[in-house]
Amino acid sequence: AAGESVIFYAEPWYGYLVQFEVNADTIELYYLGGNYYEFIMPDQDVVMTAHFVPAPGDAHYINMEYANCFALADCLTDADDRDIAKAGEFVQILIFPDEGFKFEPSVSAAMTSGGRDFPDWWYVGTLEDDPEYGTVYIVELLMPDTDVDISITCTPGTTPAAASSTRIPVSVN
């Protein structure tokens, strides 16, 4: 029905971006994180096509430091096993806290790009408690056209943080 929220999943390969083509004149389309998208149904039938296209530009490094946890970027690596991603890619960082620690997104992660604060990251939520790792936290960033430095520190405690509800508007071709 018109005005209804429709949520769907579209996961491109590493180094690729999703481009949407829609037959409607205007449509509200949002990226929710974790490869989930939402659109608001207009008052007409919609045909939406997701095209997976190579991300433009060169790959840049994701440099991570972490304390009281292990962090893993879900992206490509180079020959030296360094994390790399192309500008415009959404990259998830999985955070595995040491026993007795938790991730607090408001104070536990700092990201910089070119020596300045990097605002294009957000907390997505947690994976189900893993028998081996416990709570696994997920943050996501929109890779800029430069290297990103990430510092993550988990704090004492065991209660998972609440997920954020970021909606990023997506342009449609």
Problem set entry | Aromatic centroids of Tyr16 and Phe52 separated by under 6.0 Å | no

For this session: Determine whether Val47 and Val22 make a side-chain contact, defined as any pair of heavy atoms from C-beta on separated by less than 4.5 Å.
Result: no

For this session: Test side-chain contact (heavy atoms from CB on, under 4.5 Å) on Tyr37 and Val170 and set out the steps.
Result: CA-CA 9 Å; Tyr37 293 82; Val170 175; 4.2 Å; yes

Exercise. Among the clusters formed by ILVMFWY side chains lying less than 4.5 Å apart, do Trp122 and Met64 turn up in the same one?
Worked result: yes

Exercise. For the side chain of Glu140 and the backbone of Val91, is there at least one donor-acceptor N/O pair under 3.5 Å apart?
Worked result: no

Exercise. Counting only heavy atoms not in Asp78, do more than 12 sit closer than 6.0 Å to its CG atom?
Worked result: yes

Problem set entry | CZ on Phe101 to OG1 on Thr155, rounded to 0.5 Å | 8.5 Å

Exercise. Hey, what's the ring geometry for Phe20 with Phe8, parallel, tilted or perpendicular (30° and 60° as the breaks)?
Worked result: perpendicular

Exercise. Same cluster or not: are Leu142 and Leu94 linked, directly or through other Ile, Leu, Val, Met, Phe, Trp or Tyr residues, by side-chain heavy atoms under 4.5 angstrom apart?
Worked result: yes

Exercise. When rounded to the nearest 0.5 angstrom, what is the spacing between CG in Asp83 and CG in Leu76?
Worked result: 9.5 Å

Exercise. Counting only heavy atoms not in Glu99, do more than 12 sit closer than 6.0 Å to its CD atom?
Worked result: no

For this session: Just jot down the side chain to side chain donor-acceptor pair (under 3.5 Å) partners of Asn23, sequence neighbours excluded, or say none.
Result: none

For this session: Could you tell me the separation between the CE atom of Met143 and the CG atom of Asp120, rounded to the nearest 0.5 Å?
Result: 11.5 Å

Exercise. Taking side chain as C-beta onward, heavy atoms only, is Val124 less than 4.5 Å from Val139?
Worked result: no

Seminar exercise, completed: For Pro119 and Asp117 the tightest heavy-atom approach is CD-O, 3.5 Å

Problem set entry | Closest heavy-atom pair and its distance - His60, Thr146 | CB-O, 3.3 Å

Problem set entry | Atom pair CD1 (Ile62) and CG (Asp149), whose distance is rounded to the nearest 0.5 Å | 10.5 Å

Exercise. Can you check whether Leu72 reaches Phe96 side chain to side chain, under 4.5 Å on heavy atoms?
Worked result: yes

For this session: Run the numbers on Ile95 and Val136 for side-chain contact (heavy atoms from CB on, under 4.5 Å), then give the verdict.
Result: CA-CA 6 Å; Ile95 302 166; Val136 179; over 6 Å; no

For this session: Step by step, work out the side-chain contact (heavy atoms from CB on, under 4.5 Å) result for Phe90 and Leu141.
Result: CA-CA 6 Å; Phe90 289 105; Leu141 62 94; over 6 Å; no

For this session: Hey, could you give me the OG1/CD1 distance between Thr126 and Ile138, rounded to the nearest 0.5 Å?
Result: 7.5 Å

For this session: Check the side chains of Glu38 and Ser5 for a donor-acceptor pair under 3.5 angstrom, ignoring hydrogens and angles.
Result: yes

Problem set entry | Donor-acceptor contact present, side-chain Ser108 to main-chain Ile152, <3.5 Å | no

Exercise. Do Tyr31 and Phe118 belong together in a cluster built from hydrophobic side chains that touch within less than 4.5 Å?
Worked result: yes

Exercise. Taking all atoms of both residues into account, what is the closest heavy-atom pair of Ala71 and Ile93, and its distance?
Worked result: CB-CG2, 4.2 Å

Problem set entry | Ring centre gap for Phe39 and Tyr30 strictly below 6.0 Å | no

Exercise. Quick one: side chain to side chain donor-acceptor pair (under 3.5 Å) partners of Asp74, sequence neighbours excluded?
Worked result: Tyr14

Problem set entry | Short side-chain to backbone donor-acceptor contact, Asp80 and Arg82, under 3.5 Å | no

Exercise. Cut-off 3.5 Å, side chains only: do Asp98 and Asn68 have a donor facing an acceptor?
Worked result: no

Exercise. What's the shortest heavy-atom distance between Cys69 and Cys154, and which atoms?
Worked result: CB-SG, 3.5 Å

Exercise. Are Tyr36 and Leu29 connected in a single hydrophobic cluster, I mean Ile/Leu/Val/Met/Phe/Trp/Tyr linked by side-chain heavy atoms less than 4.5 Å apart?
Worked result: no

Exercise. Do Val18 and Val6 share a hydrophobic cluster (ILVMFWY, side-chain heavy atoms under 4.5 Å, transitive)?
Worked result: yes

For this session: Indicate the ring-plane relationship of Tyr123 and Tyr137, choosing parallel, tilted or perpendicular according to the 30° and 60° boundaries.
Result: tilted

Problem set entry | Pairwise distance CE(Met111) to CD1(Ile150) - rounded to 0.5 angstrom | 4.5 Å

Exercise. Should Arg167 and Leu32 be marked as a side-chain contact (heavy atoms from CB on, under 4.5 Å) after you check the CA-CA gap, both sets of side-chain angles, and the distance that decides it?
Worked result: CA-CA 5 Å; Arg167 294 171 76 205; Leu32 302 177; 3.6 Å; yes

Seminar exercise, completed: Scanning both residues in full, the closest heavy-atom pair of Lys86 with Pro56 reads CB-O, 4.3 Å

For this session: For Phe103 and Ala161, work out which heavy atoms get closest and say how close.
Result: O-CB, 3.8 Å

Exercise. Is the side chain of Asp147 donor-acceptor paired with the backbone N or O of Tyr61 at a distance under 3.5 Å, no angle test?
Worked result: yes

